[in-house]
Amino acid sequence: MPGKLKVKIVAGRHLPVMDRASDLTDAFVEVKFGNTTFKTDVCLKSLNPQWNSEWFKFEVDDEDLQDEPLQITVLDHDTYSANDAIGKVYIDIDPLLYSEAATVISGWFPIYDTIHGIRGEINVVVKVDLFNDLNRFRQSSCGVKFFCTTSIPKCYRAVIIHGFVEELVVNEDPEYQWIDRIRTPRASNEARQRLISLMSGELQRKIGLKVLEMRGNAVVGYLQCFDLEGESGLVVRAIGTACTLDKLSSPAAFLPACNSPSKEMKEIPFNEDPNPNTHSSGPSTPLKNQTYSFSPSKSYSRQSSSSDTDLSLTPKTGMGSGSAGKEGGPFKALLRQQTQSALEQREFPFFTLTAFPPGFLVHVGGVVSARSVKLLDRIHNPDEPETRDAWWAEIRQEIKSHAKALGCHAVVGYSESTSICEEVCILSASGTAAVLNPRFLQDGTVEGCLEQRLEENLPAGCGFCHIPYDELNMPFPAHLTHCYNCRKQKVPDVLFTTIDLPVDATVIGKGCLIQARLCRLKKKAQAEANATAISNLLPFMEYEVHTQLMNKLKLKGMNALFGLRIQISVGENMLMGLASATGVYLAALPTPGGIQIAGKTPNDGSYEQHISHMQKKINDTIAKNKELYEINPPEMSEEIIGSPIPEPRQRSRLLRSQSESSDEVAELDLSHGKKDAFVLEIDDTDAMEDVHSLLTDVPPPSGFYSCNTEIMPGINNWTSEIQMFTSVRVIRLSSLNLTNQALNKNFNDLCENLLKSLYFKLRSMIPCCLCHVNFTVSLPEDELIQVTVTAVAITFDKNQALQTAKTHAEKSLQRASTDNEELLQFPLELCSDSLPSHPFPPAKATSVDYSSFADRCSSWIELIKLKAQTIRRGSIKTTVTVEKASPVGEGNFRNRSSPPCANSTVGVVKMTPLSFIPGAKITKYLGIINMFFIRETTSLREEGGVSGFLHAFIAEVFAMVRAHVAALGGNAVVSYIMKQCVFMENPNKNQAQCLINVSGDAVVFVRESELEVVSTQQPTANCQPACAGGEVTT
Amino acid sequence: MTSELDIFVGNTTLIDEDVYRLWLDGYSVSDAVALRVRSGILEQTGATAAVLQSDTMDHYRTFHMLERLLHAPPKLLHQLIFQIPPSRQALLIERYYAFDEAFVREVLGKKLSKGTKKDLDDISTKTGITLKSCRRQFDNFKRVFKVVEEMRGSLVDNIQQHFLLSDRLARDYAAIVFFANNRFETGKKKLQYLSFGDFAFCAELMIQNWTLGAVDSQVDDMDMDLDKEFLQDLKELKVLVADKDLLDLHKSLVCTALRGKLGVFSEMEANFKNLSRGLVNVAAKLTHTKDVRDLFVDLVEKFIEPCRSDHWPLNDVRLFLNQYSASVHSLDGFRHQALWDRYMGTLRGCLLRLYHD
């Protein structure tokens, strides 16, 4: 009985008129927790009642404290008939359960009704007295802190990063229970809200238990999602990264906070740092080989084969350990072994983080992803959600195996998602394969690691780019060159990752948002036939999405993608693919070649003219983009670069494994003989369309930048004005003659127009950058496409905008990143006619692939078909793996140069999807905000139609989030995310319903200008320490 | 491809001042888009008409939602749904309650009733202000009136407190409320030359001096209703023109003092008795509600027009009125000096303001 919950109802205001006769309301309040209910007196005839109730006390288990929400219902007393409910407030008391967070919840909460929206406010005070409970078998996990932030929260230090935690709970969806036929929509909505609140509480508690088992004290990068499976139930699932965090001693003091990052940078443990070796010995191939050799016998296909047995045998897949040990490179070997042993104990060495403490990320292998199509069936026993667990376990195994195939033992920037349509569900997971520094992963070794050590000869901001696999035995064909930065290690020519740009990365110019958009029609079908159709389409979509990304990246003159997120949504009669990422030019990677267009019918004069015209346009666009994004890398003479590598060529590759049974890996490889050129072949009108669509993407108006990562590469002087927003658009497609092309165009226009609208709306903030632009696509009905965007616009100081690249480089000198290697692969194609016909260069290691390419390709396709035919319920799975090398990290930036902080107005709560607030320091985390709301209306027209309805609802959701944060004593929500926005309408019945799920971290921030200024100012503070400091401490 | 739904919601509510103005002016979305296009915004920003349409719709929706709150501005400050910086809140309120000169002149002094509201069509046609905007302005007048009537304390303060208006605007509303309450006639043809500012100026003076609030600050409606006792007492001033000796004496005092100083001395001398009778009779008639309503008509007829027809310069009017008021103090037989000052002090201010072309 370890907790006493105390609640006091103070007052209400702006209540609605419930009694028409008097134009007043006789309000009272019911306070419910678990099965106990208290009531206040009735406050007669007032719209602003003062209850000033006694303290209502609930004596409860801490288990209940974690699971149950406090439920406050405001009612209108009616002598003669039943009391009418005015609305409810659900308060998650979890933030009161750990010591460092909030101690009291007190403030005005909007009173919410699922039919009427917000109806006035109520002032409530909530406190919890926790008694210590030494029972080891307890089921609660009070005290474990949760963070949505996908990096180590500012004002904490990561002592150990334990790793992946996941859990899911299932239940029947009240909306689909028989009782729903006889109860009111309100009752049904409330039952759902209550259930989900309960389920997320339970889920969080269970995850907390796992964390305690791992001896952690916090979950970072906590992502909780709902799957509304309709008839078959309701799934709430969550993933996160368990950590042991230490609060930085004096978070409020600027100096220590500022210093800590730089200290950490130097904390690279001697024995774990592979760099001195590799560097001192120069780029000699032997050493290279030693460090990362795949034994020749290990063909790539074997490595990546995804059967479970294979996976569990680490020695087999851990390509580094054996050979490295034998062949030298002791440090590296040691590193590998340590890391491996640390990671091997884990079932899934996954990390939901996208930004890392300096030195944590050693190598990046590339993007790994897996998708699987399942048929939903009723969950029979909610207490044993085995099917869903098994589904995810399968996918995660898949991911793990892909990472291993890339010579990586871990996956970072990991996330999972679903898309459901009727009874078909696509499960997706993706992340970035990486090699990690074990220092953060092991217990006990931390102290030893803390000795400070300056790595003078570390490569500046290029380490993570270096390939982690052996160049002679590459898991897939790639085009390698010497690192343009350190000239010692090999780097790929293009890099794709799901993480944020590492702080220490050296970037040239600015970044930009790059999106690939794609629709595919699909026949309407039922059940298995439907699932088959979908899984047949998936690989094609993945391929095309990646081709588009690649082309657009080239067109921008950039060579790396960060924050890559590919979303595939399923609807009744189509599939939509939307990939967003932030393109940058990494100084360490080679200059991307142009795009070359090749025609099929060379004899036709006018056709050639047309082609050359297009070619010119493309070249112009590239040149323009380079100027726009300020990409002007220093010229490199060929000799300096030296080229042990035979011929630069572009290579794309598609690696997909057909899961379960297959050992077979389909590998599509494509390379072009032309030096540095990426060839687009125009052989039919489709291809022509594709090229055209490439050119239709309009750059943002001047003064605007956009990215989907935390921060914009190349901008580091944010000022304090931020504007978070959500924008939703739904379009109806005319059903006549829908073709893929028309669909693509519609979808493309939808996204482009949406972006244009955003730029227009936010024009008063220029110069500004849209950060963390997050698009989600769904197909709520036939012919309807819904796109939801959440992002934050941040202003920056134009005058200082340009000086970033250099400082990055300098800064990164201090960074201890071990050398990295990279991989790059992109998927190319399936359809043979789009394959370039250039002969593959006779590259040594890769030749194998080429020879078998065609065969593999076709056999792979067959395999899919085969697979598709043999599916049973829930067993179809298509996995697509895309790998790219990528850096770790985060952006470098932020000099939040003391901005004028005009907004000191009381009561303002900032919201941002970022983990920081420009120009401010987060001094305290108050707890996680995780809220779920349903809103329904039966008077859609009267509420301004669908737009009016949803506009009001989203505004209300924001209001409720802000109110909860304010009641916790906070003034901002960081890492805010709208995880779900499910909108359904029935205009004929004048009805609509919407479900929204949001989460974030409630924090207290202090303007930097309000802090003691003196201590902070190291001369270079703006770009260097401040940046680093920004990461870790602010 | 049609947009079914298109919304933008910011954590801080975006307010576009230009669109707000168009909305307040009662333009439909399509008219507003057309006007914005004409303003050249597309060229400046490189946006498309579709973007503009979407943006305008969005702002209109926001304003529509805000309108309910604007009806009770303190609610706007305390509500939680829209996060709006205080300066923007003030702007929203101020602009919402701002009114058109042309419109206010049409309804000033009219009863703020349903009947008047029905005439808004005509006013709209006459003034060129959209009906929607007319309704908003009319409803604002009426709302303010309803809230502050029967309230204690200063009218301006009450308005400011309940509607959070700027001092200037609150004073204007006080004038509107005062005029509506006392139903002063302002629409007659001969009053057309007067601006709202002229009336508002007079209203302020009258509120300060002629209402209950001028003598007692503890009554309801103290600033809205004229002091009945004072109006009754004004009859006593009649002696100034009824008593022939007093009138002559008054005239000679004024003429002596002004001789040589007035450009229109002879006209003044000739007209003195008429003017004085006019001014005093106006005072004496104020006991009747109907005559109170015609106050401005009477002032113009009895004083302004005669002076204007003789081409008195404003400065001469001022000198005359000053002397005319002051000389009464030298009339030994006259015992209502305080009453005279309370009446004439205000009237002098009003007349000087009203005396223009």
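Residue numbers start from 1 in every chain, and the chains themselves are labelled A, B, ... in the order their sequence lines are given, proteins ahead of strands.
Among Leu52(B), Val51(B), Thr45(B), the residue making the largest number of heavy-atom pairs under 4.5 Å with chain A is Val51(B). Listed options Ala959(A), Ala963(A), Ser702(A) were ranked by heavy-atom pairs under 4.5 angstrom with chain B; first place goes to Ala959(A). The most heavy-atom pairs under 4.5 Å with chain B, out of Gln723(A), Met724(A), Met911(A), come from Gln723(A). Interface check for chain B: of the options Glu956(A), Lys756(A), Arg13(A), the most heavy-atom pairs under 4.5 Å are formed by Arg13(A).
The distance from atom CG of Leu950(A) to atom CZ of Arg61(B), rounded to the nearest 0.5 Å, is 9.0 Å. A distance of 11.5 Å separates CD1 of Ile785(A) from CD of Glu4(B), quoted to the nearest 0.5 Å. Here the CD1-CZ distance, from Ile41(B) to Arg763(A), works out to 4.0 Å after rounding to the nearest 0.5 Å. Atom OG1 of residue Thr726(A) and atom CD1 of residue Ile7(B) lie 8.0 Å apart, to the nearest 0.5 angstrom.
The two residues Glu121(A) and Gln79(B) come nearest to each other via the heavy atoms OE2-CA, 4.3 Å. Here the shortest heavy-atom pairing between Ala47(B) and Phe760(A) reads CB-CD1, 3.6 Å. The two residues His951(A) and Thr62(B) have their closest heavy-atom pair at CE1-OG1, 3.4 Å. Contact between Phe8(B) and Leu762(A) at its shortest, heavy atoms only, is CZ-CD2, 4.2 Å.
The part of Phe983(A) that comes within reach of chain B is its side chain, from C-beta onward, which places non-hydrogen atoms under 4.5 angstrom from that chain. Proximity to chain B (any heavy atom under 4.5 Å) is restricted, for Leu784(A), to the side chain, taken from C-beta onward. Proximity to chain A (any heavy atom under 4.5 Å) is shown, for His78(B), by both the backbone and the side chain. Looking at Asp16(B), only its side chain comes within 4.5 Å of chain A, counting heavy atoms on both sides. If you measure heavy-atom distances from Ile118(A) to chain B, the contacts under 4.5 Å come from the side chain alone. Within the 4.5 angstrom heavy-atom criterion, only side-chain atoms of Glu985(A), from C-beta onward, approach chain B.
Exactly one residue among Arg732(A), Lys761(A), Arg729(A) makes a salt bridge (charged side-chain N to carboxylate O under 4.0 Å, His left out) with Asp6(B). That residue is Arg729(A). Partner of Val9(B) under the side-chain contact (heavy atoms from CB on, under 4.5 Å) criterion, chosen from Thr790(A), Val728(A), Ile954(A), Val957(A): Ile954(A).
With hydrogens and angles disregarded, a donor-acceptor distance shorter than 3.5 Å links the side chain of Gln83(B) to the backbone of Val909(A). A distance-only check finds no donor-acceptor pair linking the side chain of Ser947(A) to the backbone of Leu5(B) [under 3.5 Å]. Side chain of Arg962(A) to backbone of Ile81(B): a donor-acceptor contact under 3.5 angstrom is found.
Atom CZ of Arg21(B) is surrounded by 12 or fewer heavy atoms from other residues, nucleotides or ligands within 6.0 Å. Around atom CE of Met931(A), more than 12 heavy atoms belonging to other residues, nucleotides or ligands sit under 6.0 Å away.
Between Asn11(B) and Thr912(A) there is no side-chain heavy-atom pair separated by less than 4.5 Å.
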